[in-house]
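Comments concern the structure below.
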Amino acid sequence: MQSSLTSILIGGLACALLSTAIHIGSTLANASGPNLVLGIVFGCLGCLVGLTSGLIAVWHYTSEKEVTLSRSTGVKMGALAGLVSALTGFLMVRALMIMGVLPTADDAIDQMMQNPALENSDAGMETAMQVTEIMMGWGGLVVTLIFGPLLGLLGGMIGAALFKKGEPSDTEFADGR
């Protein structure tokens, strides 16, 4: 396959920027306290961005090379674009936390403790604090590295079905041509 790396990087990096923007928006929207509806909306947007990484990678490749990709090649490209997007987005959010632009796990826990809705629920507060610590640490990275490629491969599979151009590409994915 003629250098798919460029297409994978374009899909992955574009969606890393989008997912970081969504994370910032989610943080700003929840600054006055957790909101379940906004959490669901931003979660859905994050999933759409994950799917989009694979779609963009396959779209770019098929547009540049004027080929039709097999479903398996679309899946592979999408999974790699999803991995690039997830890992880069995770690192960008961590960098923003280190710079003080986004709240750290400790900041988020302090904000939760000030929420009157959780004041009378010791068990709920303890659970929320544990989940926040895990997800804002290495647990978040593990979840990111699992779901990013999964969503990307779904997007790549959809992209391979949608973006058909020119002759089918019989070339294997990993040959690097």
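What you see below is based on every heavy atom in this structure, not just the backbone, and it leaves out hydrogens, waters and symmetry mates.
- Side-chain heavy atoms closer than 4.5 Å link hydrophobic residues (I, L, V, M, F, W, Y) into clusters, and following such links, possibly through other members, connects V58 to I8.
- In this view, H60 and S7 satisfy the side-chain hydrogen bond (donor to acceptor under 3.5 Å, both in side chains) rule, not counting sequence neighbours.
- Within the 4.5 Å cutoff, the side chain of P103 has heavy atoms near those of the T27 side chain.
- By the rule that hydrophobic residues join a cluster once side-chain heavy atoms approach within less than 4.5 Å of another member, L102 and I22 end up as members of separate clusters.
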Side chains of residues 156-164: which donor-acceptor pairs under 3.5 Å do they make with residues two or more places apart or in other chains?
none

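- Side-chain contact between L87 and T144: absent, with no pair of heavy atoms (C-beta onward) separated by less than 4.5 Å.
- Applying the side-chain contact (heavy atoms from CB on, under 4.5 Å) rule to V101 yields the partners L96, M99; only residues at least two apart in sequence or on another chain are considered.
- Every residue two or more places apart in sequence or in another chain that forms a side-chain hydrogen bond (donor to acceptor under 3.5 Å, both in side chains) with S63 is listed here: W59, K165.
- Scanning for side-chain contact (heavy atoms from CB on, under 4.5 Å) contacts around T88 gives L13, A16, V84, M92, with sequence neighbours left out.
- For the atom pair CG (L51) and CD1 (I56), the distance works out to 11.0 Å, reported to the nearest 0.5 Å.
- One hydrophobic cluster, built from ILVMFWY side chains closer than 4.5 Å, cannot hold both M97 and L17; they sit in different ones.
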Atom pairs and distances, donor-acceptor, side-chain atoms in residues 38-49, under 3.5 Å, two or more places apart:
none

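- The shortest distance between side-chain heavy atoms of T68 and T62 does not fall below 4.5 Å.
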